[in-house]
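As the structure is a computational prediction, the values presented were derived from the model and not from experiment.
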Amino acid sequence: MGYIGNFFVAIDQLGNVIAGGNPDNTISSRVGYYTNHHNPDTKVPLQWRIFEKIIDFTFWPIDGPHHCHEAFHSDAGETFDKNTKNVLVAILAALLIIPSCILIATLLYILYLFRIVSPRDVNRNNNIKNRLHLAKAKLEGTLHELNEHKVVVDDELKQDALATILAAQKVSDKINGMLRLKKRAAQQ
């Protein structure tokens with residue numbers, strides 16, 4: 001992403017902070033989290049579904065469908081705020097999402113009409129490769145810190161380490177299963 005893209009992501013993250021969210025998340029990834037991954041066993045609150053519809057519609061000319069869900073995938077390793085207050089969500093809607101989306105949608109749909117922009121296709125393989133590269137870099141950074149500084153292993157650290165190992169094993173098993181299927185298909 002270039003300078004302009006980074007600039008707009010930084011503004012988006014600032015807006016998310018103003019509304020009580022994590023500074024590492026964009027508004028779209030936060031909405032994607034709450035509508036798709038926060039608590040799959042319960043009904044998604046109305047405000048998050050409305051935000052998702054507005055934001056997905058706004059960014060369709062450049063990102064295609066499911067902008068918020070795709071944004072969540074890009075931020076999936078981040079921590080999302082767990083105690084969003086309804087007052088902050090109302091501020092997010094009233095002051096940030098709706099006015100911003102009206103302006104952005106107007107611009108993007110005009111650009112789309114003139115065929116200057118078009119919805120992109122998601123390259124799932126590149127997305128996964130990039131996320132695995134980032135995960136590897138974060139794990140290597142953790143290893144450097146463990147090697148450079150004295151760390152006391154308590155029960156919480158042990159549990160976090162085990163959860164990380166299990167998550168990495170699940171990803172590895174999934175990829176290995178896909179490779180086995182590919183190999184079998186090639187042999188037939």
Side-chain angles (χ1 to χ4, degrees), residues 1-109 111-112 117 119-124 126-135 137-139 141-142 160 163-164 167-168 170-171:
M1 187 179 329
Y3 175 81
I4 299 290
N6 289 337
F7 178 79
F8 284 115
V9 167
I11 290 173
D12 194 353
Q13 289 173 322
L14 175 62
N16 193 43
V17 169
I18 290 169
N22 182 327
D24 285 339
N25 303 136
T26 62
I27 293 169
S28 296
S29 66
R30 182 180 183 190
V31 170
Y33 170 73
Y34 278 108
T35 56
N36 295 283
H37 297 279
H38 174 58
N39 192 349
D41 297 332
T42 62
K43 188 174 180 184
V44 176
L46 179 63
Q47 72 265 19
W48 296 110
R49 292 183 305 192
I50 291 170
F51 296 161
E52 182 180 48
K53 297 258 186 253
I54 291 169
I55 295 169
D56 283 353
F57 174 82
T58 298
F59 289 96
W60 181 87
I62 57 172
D63 282 342
H66 314 296
H67 168 83
C68 292
H69 196 188
E70 292 298 329
F72 163 75
H73 285 304
S74 294
D75 271 355
E78 299 292 343
T79 301
F80 289 86
D81 53 296
K82 301 289 186 201
N83 298 310
T84 299
K85 298 190 177 13
N86 286 334
V87 171
L88 293 175
V89 172
I91 291 169
L92 175 68
L95 299 178
L96 300 172
I97 292 177
I98 295 171
S100 299
C101 284
I102 290 170
L103 292 171
I104 294 167
T106 302
L107 174 65
L108 291 179
Y109 278 86
L111 294 173
Y112 176 74
V117 298
R120 67 181 173 95
D121 291 324
V122 175
N123 186 330
R124 200 65 63 201
N126 276 349
N127 288 353
I128 299 296
K129 286 176 190 175
N130 288 338
R131 284 190 201 99
L132 288 172
H133 178 75
L134 288 171
K138 287 198 179 242
L139 287 171
T142 302
D160 287 344
T164 302
K170 286 179 184 177
V171 170

Step through it carefully: locate the ring centre of F80, locate the ring centre of F72, and say whether they are under 6.0 Å apart. yes

Separation between CG of L96 and CD1 of I11, rounded to the nearest 0.5 Å: 11.5 Å

Looking at every non-hydrogen atom in both residues, tell me the closest pair between V31 and C68 and how far apart they are. CG1-SG, 3.9 Å

Less than 4.5 Å apart, any side-chain heavy atom of K53 and any of I50? no

Measuring from F51:CZ to L46:CG, what's the distance to the nearest 0.5 Å? 9.0 Å

Distance (rounded to the nearest 0.5 Å) between S29 OG and N36 CG: 12.0 Å

In the structure I gave you, are the side-chain heavy atoms of F59 and L108 within less than 4.5 Å of one another anywhere? yes

Going by the rule side-chain contact (heavy atoms from CB on, under 4.5 Å), which residues pair with H66 if we only count those two or more places apart in sequence or in a different chain? H69

Closest non-hydrogen atom pair between C101 and I55, with its separation: SG-CG1, 4.0 Å

Minimum heavy-atom distance D56-H67, with the two atoms named: OD1-N, 3.1 Å

For F8, which residues count as a ring pair (Phe, Tyr, Trp, His ring centres under 6.0 Å) partner, sequence neighbours excluded? none

Walk me through whether V171 and L132 qualify under side-chain contact (heavy atoms from CB on, under 4.5 Å). CA-CA 9 Å; V171 170; L132 288 172; 3.9 Å; yes

I'd like to check L95 versus I18 (side-chain heavy atoms, cut-off strictly below 4.5 Å). Are they in contact? no

Scanning both residues in full, the closest heavy-atom pair of T35 with W48 reads CG2-O, 3.2 Å

For the residue pair F7 and Y3, does the interplanar ring angle fall in the parallel (under 30°), tilted (30 to 60°) or perpendicular (over 60°) class? parallel

For the student: nearest non-hydrogen atoms of V122 and E70, plus distance: CG1-OE1, 3.8 Å

Residues N25 and N16: closest non-hydrogen pair is O-ND2, 3.2 Å

Tell me whether N22 contacts the main-chain N or O of T79 through its side chain, where contact means a donor paired with an acceptor under 3.5 Å. yes

D63 side chain reached by R120 side chain, heavy atoms, under 4.5 Å: yes

Are any non-hydrogen side-chain atoms of D75 and D24 less than 4.5 angstrom apart? no

Go through F57 and W60 one step at a time and tell me if the ring pair (Phe, Tyr, Trp, His ring centres under 6.0 Å) criterion holds. CA-CA 5 Å; F57 174 82; W60 181 87; 8.6 Å; no

Close side-chain approach of E52 to Y34, heavy-atom, < 4.5 Å: no

State the CZ-CG distance between R131 and N126, to the nearest 0.5 angstrom. 10.5 Å

Drop me the distance from K129's NZ to N123's CG, to the nearest 0.5 angstrom. 7.5 Å

